[in-house]
Amino acid sequence: MVKAIARAFRWRKLLEDGTHTTIAEIAAAEKINESYVGRVLRLTLLAPDIVEAILGGRQPAGLQLADLLRRFPVGWREQRAEILGQLGCTGPVEQP
């Protein structure tokens, strides 16, 4: 998951700075599937506390990359409810 999040933010930067102008260009440069690039890029929309928990290894037990690559709400509150709800968790993302 950490690698996917790092890729997502790197790819977003490449789009923002004009290095690449489309997902298709990133996919071609990385020699990977366009739809995968699109799904991974959506990880940049995750709530900051979810991203920080994953990068710090404090994500809920059972959370897998496949869970995050499915569609999720854009609203951070809704993300927390959905992601934690899918895992049967009721509390917040673990804080340090």
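Just so you know, these numbers come straight off a predicted model, no measurement behind them.
Of the inter-residue distances, the one linking Phe9 atom CZ with Leu14 atom CG reads 13.5 Å to the nearest 0.5 angstrom. Put simply, CH2 on Trp11 and CD on Glu25 are 14.0 Å apart, with the number rounded to the nearest 0.5 Å.
Within the 3.5 Å criterion, the main-chain N or O of Ala47 finds a donor-acceptor partner in the side chain of Gln79. No donor-acceptor pair closer than 3.5 Å links the side chain of Glu82 to the backbone N or O of Glu78.
In this view, Arg7 satisfies the side-chain hydrogen bond (donor to acceptor under 3.5 Å, both in side chains) rule with no residue, not counting sequence neighbours. For Glu30, the salt bridge (Lys or Arg N to Asp or Glu O under 4.0 Å) partners two or more places apart in sequence, or in a different chain, are Arg10. Checked against salt bridge (Lys or Arg N to Asp or Glu O under 4.0 Å), Arg42 has no partners two or more places apart in sequence or in another chain.
When every heavy atom of Met1 is checked against every heavy atom of Leu68, the shortest pair comes out as SD-CD1, 3.7 Å. Ile5 approaches Val51 most closely through the heavy-atom pair CG2-CG1, 4.0 Å. The shortest heavy-atom contact between Leu63 and Gln59 is CD2-CB, 3.9 Å. Minimum heavy-atom separation, Arg70 to Asp67: NH1-OD1, 3.0 Å.
Contact annotation: the side chain of Phe72 approaches that of Leu46 to within less than 4.5 Å [non-hydrogen atoms, C-beta and beyond]. Within the 4.5 Å cutoff, no side-chain heavy atoms of Ile26 are placed close to those of Ile23. With contacts defined as side-chain heavy-atom distances shorter than 4.5 Å, the pair Leu65/Leu43 qualifies.
At a threshold of 4.5 Å between side-chain heavy atoms, the hydrophobic network of Ile, Leu, Val, Met, Phe, Trp and Tyr places Trp76 and Ile54 in two separate groups.
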